[in-house]
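Below is one structure, written out as structure tokens; comments come after it.
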Amino acid sequence: MAAPPGRDEGASRASVRRQVPGLDGLRGLAALYVVLFHCWLYTFPGYPDSSAPAWLDVLMFGRLAVVFFLVLSGFSLAISPAYHGWRPGGVARFLRRRAWRILPPYWAALAMSLVISWLLVPASHFGPPTEASVVVFGLVAQDMIHAPTPNGAFWSIGVEAELYVLFPLLLLVRRRFSATALVACVSLPVIALGLTAAHANPVEGDNWLAPHLAPVFVAGVVGAGIVVASDRVRRLPWAWFAVLAAAPVLALGYKEGSVWTVHHYFWLDLAVAPAMTMLLAAVATGRPAFLVRLLTTRPVRSLGDFSYSLYLIHLPIVMVVIRRVAPHVVSPGMPTFCFTLILALPVSVLGAWLFSRVFEMPFKRNRSWKSMAAAGRSRRSVTGARDGNLGRPLTDMPDGHA
């Protein structure tokens, strides 16, 4: 990777390109895939030895979609530091902004999930959430402390929270040493742990996944260097590299089936991360153009805007449809799966859009309670002025326009 541009040049370029076109679209499509995965997962019993038809096995890679979220998170967060010599812009400021962006919608989704788990359908085979669940998940400590989950999708939020805390340290290693040193520091201990486990294949539990998944997050961080790379590096066929790197991993998982895939996620996560990083590099460099155009179309871009909300709230909706509604309407198996797609999928998307308007977008658009209050006052003043103008004759309008 080439050295980052000077401070003034980097600041101007970062202001223009900090939001890489297409990344939100990728995030939205990944979130939609996770919804489809859960529709498949909870419709057909016996997972990982799923009773679903074989042609639906293409939906079994929900875990890898979450891994993609982690790679994308590292990539997105590292874009601005890459323009500024790999400096985070202040540790406290970074952590405060992450908490402001992530926690309010998460806590709102937690409250919703708790109510649904207590009143309608538990989210875990361990039973309904307990008081410990409220504390553990409220503190986003679910990756460190086990408690019955109110929402099976929340495990990755705990992992991300831990990686956010490590992010400034990761940038320090990248700045002081190199991208290679950063990858080695994080990946080699994980690989050594895997090789020394029984049968060289660690058995994963419900938590303590952050150390294992740190390398995929770091892959995204390192990949963000593409935004300050030389033209020669940026012109490389990253999309083809991604296809070549991903094909063996996905083909192996598809061939071996869901049982083998679930039991080998420790290695599959690490194996697929480079391909995911190359895909992000391809999109960041604007190639292939047709893919970037697809990802920046209004529907896909809009889906990406509320993808975090979709990820947070879709699973309780899917489970209510499958466990409480579908048994009274259709037969188990494929009829339930189709019914869930017809009902739960649009309800999840629409519900997530509405949820994001209240609990996500205000925190995305404003950096503090003060700015949020000012935006609210501005909207009320505009609305008041508009309502006041409704009773005025047209000749009293500015410039004579209604």
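Scope of the values below: all heavy atoms of this structure, side chains included, with no hydrogens, waters or symmetry mates. Because the structure is predicted, anything quoted here is derived from the model rather than measured.
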Taking the six-membered ring for Trp and the single ring otherwise, decide whether the centroids of Phe61 and Phe37 are under 6.0 Å apart. no

Do any N or O atoms from the side chain of Asn151 and from the backbone of Ala109 form a donor-acceptor pair under 3.5 angstrom? no

Point to revise | Expected output: side-chain Trp107 to main-chain Gly138 donor-acceptor under 3.5 Å | key: yes

Classify the ring geometry of Phe266 against His212: parallel below 30°, tilted from 30° to 60°, perpendicular beyond 60°. parallel

Name the orientation class of the two ring planes belonging to Phe44 and Phe337 (parallel below 30°, tilted from 30 to 60°, perpendicular beyond 60°).
tilted

Exam field: side chain Thr196 to backbone Leu193, donor-acceptor pair closer than 3.5 Å
yes

Which of Val272, Leu279, Thr277 passes side-chain contact (heavy atoms from CB on, under 4.5 Å) with Phe68? It is Leu279

Exercise for review: Without swapping roles, check the side chain of Asp143 against the backbone of Val159 for a donor-acceptor pair under 3.5 Å.
Suggested key: no

Exercise for the section: Might you work through the side-chain contact (heavy atoms from CB on, under 4.5 Å) test for Leu77 and Phe94, ending with a clear yes or no? Expected result: CA-CA 10 Å; Leu77 290 176; Phe94 166 77; 4.1 Å; yes

- Message: Working note: Asn207 + Gln142, criterion side-chain contact (heavy atoms from CB on, under 4.5 Å); need CA distance, chi angles, decisive distance, verdict.
- Response: CA-CA 7 Å; Asn207 50 10; Gln142 56 265 37; over 6 Å; no

- Between Arg293 and Thr297, is a side-chain contact (heavy atoms from CB on, under 4.5 Å) present by the stated rule, with each step listed? CA-CA 6 Å; Arg293 284 196 297 269; Thr297 56; 5.7 Å; no

Exercise. Please work out whether the ring planes of Trp238 and Phe241 are parallel, tilted or perpendicular, with thresholds of 30° and 60°.
Key: perpendicular

message = Does this structure show an ion pair linking Glu360 with Arg101, if we count only N-O contacts that are shorter than 4.0 Å?
response = yes

Treating Ser50 as the side-chain partner and Tyr47 as the backbone partner, does any N or O pair qualify as donor plus acceptor under 3.5 Å?
no

Are there more than 12 heavy atoms of other residues, nucleotides or ligands under 6.0 Å from atom CH2 of Trp260?
yes

Is there a side-chain contact between Leu310 and Val35, using heavy atoms and a 4.5 Å cut-off? yes

Does the side-chain contact (heavy atoms from CB on, under 4.5 Å) test come out yes or no for Arg287 and Arg235, once each step is laid out? CA-CA 9 Å; Arg287 292 187 298 272; Arg235 284 195 299 266; 4.1 Å; yes

Counting only N and O atoms by type, is there a donor-acceptor contact under 3.5 Å from the side chain of Ser117 to the main-chain atoms of Pro150? yes

**OP:** Determine, using ring centers only, whether Phe154 and Tyr106 are less than 6.0 Å apart.
**Re:** yes

- Task: Verify the neighbour count for atom CZ of Arg367: are there more than 12 heavy atoms of other residues, nucleotides or ligands below 6.0 Å?
- Result: no

> Do any N or O atoms from the side chain of Ser51 and from the backbone of Pro45 form a donor-acceptor pair under 3.5 angstrom?
Replying inline: yes

